[in-house]
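Let me begin by presenting the structure, written as structure tokens, before commenting on it.
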Amino acid sequence: MTVEKIFDELGHFKRFQACLYFAAVFQAIACGIHYLASVFLVETPNFVSSVPGNITDILYGNVTGTILEEILPIFKLGSGPLVVKTAEGEQWELSRCRCTLRIDPTDFTYDYDGNKTVKECKGNFVYDHTEVYQNIVTDWDLVCDKEWLAKLCQPTFMLGVLIGALVFGDMADRVGRVKILMFTSVCQFGLGVAVAFSGNYYFFVVLRFLLAMVSSGYLVVVFVYVTEFTGIKVRTWTSMHVHAAFAVGVTVVALTGYLVRVWWIYQIVLSICTSPFLLFCWKFPETPFYLMAKGHYEETQKLLNVIARVNGLECRLKAEDLLEPERKEYGRGLLKEDTEDHSSKPEKNLSILDLFGSWRMAGRTCTVWAIWFIGSLGYYVFSLGSVNLGGNQYVNLFLAGAVEFPSYMVGCFAMDRIGRKKTCAPALLLAAFACLLIIVVPADIEILAIALSMIGKFGIAIAFGLIYLYTCELYPTIIRSLAVGSGSMMCRVGSVVAPFCVYLADIWIYLPQVQMHILFLNILTLFLPETLGKPLTTTLEEAESLGLKPSKKNAALGSKDADDRLELKQHGAKA
């Protein structure tokens, strides 16, 4: 098929495509919101175990006070306990997960060498509300022996993202892009609000898991959707800037987290940000690539007429013009008969195994999956770890989202000039270099650590944004959503691992950067075929021939073309 003719005749990015594009990517903001919302939902503020009785005096080194909440902002883990005196005259040494009763003290001093009785915490804690007033950690006391429950929230969410990417990517190839976009959009809004009213931790995790599935489904399918509605001249920009909408979601999380410190209000505000999308998503048309691939030629013709009318053009293009020359006569017959003859034939059910249909495609798929995994792992390690860099955590997360905008601009220019694979490999090397410098520079220079982290995020955002479009271009229409979905599945494996990489900083502060430095030294991209300026492929044979020299390409396609011509002649004889 030569469906790309649509854009030459009706415009690569005119009024119709622009309206459709901005409407579709608007909802992608919700994906960025829900992916990073847990940064503040499960953040553990400073806390200490509480004691029975009213506290009258507090000592912390040379600092004195009478209210725990006033001392907690300066309390640091590992620097010594808080010493408190109660109205009953008891003296306690408070730490995070235990409290120690002093036996028969004489004076109220910070240092004490007498006998002590250690008592485990009984679920009574006092939290520092300076940064977070109320979240699920403070509501459900997910600290000490329950700390692992809080740390499990983000990996569980990303597991839902993994499953959703594979499930909805496959469904989009079977039932169409639009049906999946509408379903996941409605579910994102409903589940997002429902999370705010989850009565306990387990309902919270289940609802977030389902929310992750539909958010991932939308994000996977919207990339395919906008790619199949825009022409080659603007496809790089339109695909990359879906990520810009995701980055807007990250900045919205930072701003909302700063303004709203109560978690359930924060969740509701984030969930309704993109709710206007629900008013017009049901008007979205199916993509011409999908309609032609499924043989819906009459629907394709109606879509061409609408595109032409909205773009202010006369539609001289016919659906049969989108077929290869030797198929035109056959296509005209199908157009007259609608799709009855086509639908009578059993349709081949494609699966993930078709991504490994030959050695060449298997190697391509493994390479693409590796880049998806590395890109996602780095993206979320830099994003989730930004709140631990020092300074204001809200500013850090905002910067982590804002730095993506220039990265996509630079990535677009580079992709359109030097190609896809020659942009991806240097971007990964830049991220690796930034990780190495973070390990080398002194830890007490917070500004430099933040700057290097943003440089690393800049590099990985280019590679992570590029791989979506690159995957769309490397695979044909019949398995494009499945390819992006499976790649996104590997991407989510990386995102599931990412929170645990961030937690490794408790062992050694630079351990996450060491891992990232090793993984970013990746040159597998250079083994992929270049797709710059080439039309989207429709069949597996066309996709496999990408990157081959003309003689090899003709040899690969020759037998397939001969079989196709024979089949057409036989069908014509029967008619």
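Computed over heavy atoms, backbone and side chain alike; hydrogens, waters and symmetry mates excluded.
Put simply, the side chain of Arg208 gets close to the backbone of His34: a donor and an acceptor are under 3.5 Å apart. Ser50 places no side-chain N or O within donor-acceptor distance of the main-chain N or O of Phe125, the cut-off being under 3.5 Å. The main-chain N or O of Ala483 is found under 3.5 Å from a side-chain atom of Ser486 such that the two form a donor-acceptor pair. Tyr218 places no side-chain N or O within 3.5 Å of a backbone atom of Met213 that could act as its donor or acceptor partner. Using a distance-only test at 3.5 Å, with no hydrogens or angles considered, no donor-acceptor pair links the side chain of Arg98 to the main chain of Ser95.
In summary, the aromatic rings of Phe246 and Tyr35 are positioned with their centroids under 6.0 Å apart.
A salt bridge links Glu93 and Lys116; the closest N-O separation between the charged side-chain nitrogens and carboxylate oxygens is under 4.0 Å.
The environment of CG in Asn54 is sparse: at most 12 heavy-atom neighbours from other residues, nucleotides or ligands sit within 6.0 Å. Atom OH of Tyr258 sits in a sparse spot, with 12 or fewer heavy atoms from other residues, nucleotides or ligands closer than 6.0 Å. Around atom CZ of Phe280, more than 12 heavy atoms belonging to other residues, nucleotides or ligands sit under 6.0 Å away. Counting heavy atoms of neighbouring residues, nucleotides and ligands inside a 6.0 Å radius, atom CD1 of Ile447 does not exceed 12 of them. Counting heavy atoms of neighbouring residues, nucleotides and ligands inside a 6.0 Å radius, atom CH2 of Trp140 exceeds 12 of them.
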Requested in this report: Apply side chain to side chain donor-acceptor pair (under 3.5 Å) to Arg102 and Asn115, showing your working.
Outcome: CA-CA 6 Å; Arg102 292 178 174 180; Asn115 294 327; over 6 Å; no
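Across every non-hydrogen atom of Gln267 and Leu211, the tightest pair is NE2-CD2, 4.3 Å. Between Phe209 and Leu159, the closest heavy-atom pair is CE1-C, 3.9 Å.
Thr86 is not listed as a side-chain neighbour of Thr56, based on a closest heavy-atom distance of 4.5 Å or more.
For the 3.5 Å distance criterion, the side chains of Ser198 and Trp264 fail to qualify, holding no donor opposite an acceptor. Inspection of the Asp128 and Thr130 side chains reveals an N or O donor paired with an N or O acceptor under 3.5 Å. Glu404 and Tyr379 are linked by a side-chain donor-acceptor pair at a separation below 3.5 angstrom, with hydrogens and angles left out of the test. Side-chain contact annotation: Tyr127 with Asn135, donor-acceptor N/O pair under 3.5 Å absent.
Of the listed residues (Leu82, Ile71, Val83), just one forms a side-chain contact (heavy atoms from CB on, under 4.5 Å) with Leu59, and that residue is Val83.
The distance from the OG1 atom of Thr64 to the CD atom of Glu70 is 10.0 Å, given to the nearest 0.5 Å.
Relative to the ring axis of Tyr470, Arg420 does not place its NZ or CZ within 45° and under 6.0 Å from the centre.
Ring geometry, Phe464 versus His243: the interplanar angle falls from 30° to 60°, so the pair is classed tilted. Using cut-offs of 30° and 60° for the angle between ring planes, the Phe183 and Phe168 rings count as tilted.
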